[in-house]
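One structure is given below, encoded as structure tokens.
Numbers here simply count residues along the sequence, with the first being 1. Atom set for the values below is all heavy atoms of this structure, side chains included, hydrogens, waters and symmetry mates excluded.
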Amino acid sequence: MRTHIKTTNFESGSAVKTLVEEKLVLPAEKLLESLNNKADIIFDVELAKITRHHKEGKIWRCEINLDLPRIKNILRAGALGESLEEAVNLVKSKLEREIKKYKDKSKKKDREMIREIKYKL
């Protein structure tokens, strides 16, 4: 899995990279471990501070684009939060939901193909 981290309107450090690795990349790798060996998965993370002059409110944004095999579009998850950690935690749950939907769809397609082969024989 290739990971790309992009930050907008703030300086990133090792703490931000560690946060992304622990909260987003490792759980996604666990969910996608069966696909990780076979395919090239691209994991794009964008962390942004929406405005420079506001100090309060939902000013932090986290967005994930996950390019998986056998799917035309990429999986996307995004969230706004009052802190960077909150935005990352919100997007984590959305990402897990999207990955589970993707895996269920691929399993369903595999089962349908097997049924077709059985009925032809």
When you compare the side chain of Val45 with that of His4, does any pair of heavy atoms fall below 4.5 Å? no
Using 0.5 Å steps for rounding, measure from the CH2 atom of Trp60 to the CG atom of Leu90. 14.5 Å
Donor-acceptor pair, side chain of Lys6 and main chain of Leu47, under 3.5 angstrom: no
Rounded at 0.5 Å granularity, tell me how far NZ in Lys100 sits from CG in Leu95. 10.5 Å
Can you name the closest pair of heavy atoms from Gly78 and Lys94 and give their distance? O-NZ, 2.9 Å
Please say whether more than 12 non-hydrogen atoms of neighbouring residues, nucleotides or ligands are located less than 6.0 Å from NZ in Lys49. yes
Do Arg61 and Glu63 sit within salt-bridge range, that is, some charged N less than 4.0 Å from a carboxylate O? yes
Please test Asp44 against Asp67 for side chain to side chain contact (heavy atoms under 4.5 Å, CB included), starting from the C-alpha separation and ending with a verdict. CA-CA 8 Å; Asp44 289 324; Asp67 191 10; over 6 Å; no
Connected via hydrophobic side-chain network under 4.5 Å: Leu26 and Ile99: no
Least distance between heavy atoms, Pro27 atom then Glu22 atom: CD-O, 3.5 Å
Ion pair check, Lys101 and Glu98, cut-off under 4.0 Å: yes
For Ile41 and Arg2, what are the C-alpha separation, side-chain angles and deciding distance, and is it a side chain to side chain contact (heavy atoms under 4.5 Å, CB included)? CA-CA 6 Å; Ile41 299 172; Arg2 289 188 288 165; over 6 Å; no
Answer whether the closest heavy-atom distance between the side chains of Glu46 and Cys62 falls below 4.5 Å. no
Shortest non-hydrogen contact from Ala79 to Ala87? CB-O, 3.9 Å
Is there a side-chain contact between Asp104 and Lys108 (heavy atoms, below 4.5 Å)? no
May I ask you to test the Leu32-Leu68 pair for a side-chain heavy-atom distance under 4.5 Å? yes
If we only count heavy atoms from C-beta on, is the Leu66 to Ile74 side-chain gap below 4.5 Å? no
Any heavy-atom pair between the side chains of Phe43 and Asn65 that's under 4.5 Å? no
Mind listing the closest non-hydrogen atom pair of Lys23 and Val88 along with its distance? CB-CG1, 3.6 Å
From Glu112 CD over to Arg115 CZ, what is the distance, rounded to the nearest 0.5 angstrom? 7.0 Å
Side-chain donor or acceptor of Glu86 paired with backbone N/O of Glu82 under 3.5 Å: yes
Within a strict 4.5 Å, meaning less than it, do heavy atoms of the Leu31 and Tyr102 side chains meet? no
Checking side chain to side chain contact (heavy atoms under 4.5 Å, CB included) for the pair Lys118/Ile114: CA distance, chi angles, key distance, verdict? CA-CA 6 Å; Lys118 279 184 179 179; Ile114 291 171; 4.2 Å; yes
Applying a strict under-4.5 Å side-chain criterion to I, L, V, M, F, W and Y, I'd like to know whether Met1 and Val91 cluster together. yes
Apply side chain to side chain contact (heavy atoms under 4.5 Å, CB included) to the pair Thr3 and Leu24, showing each step before the final yes or no. CA-CA 10 Å; Thr3 305; Leu24 299 175; over 6 Å; no
Side chain to side chain, Ser12 and Lys17, heavy atoms closer than 4.5 Å: no
How far does CZ of Arg111 sit from CD of Glu116, to the nearest 0.5 angstrom? 14.0 Å
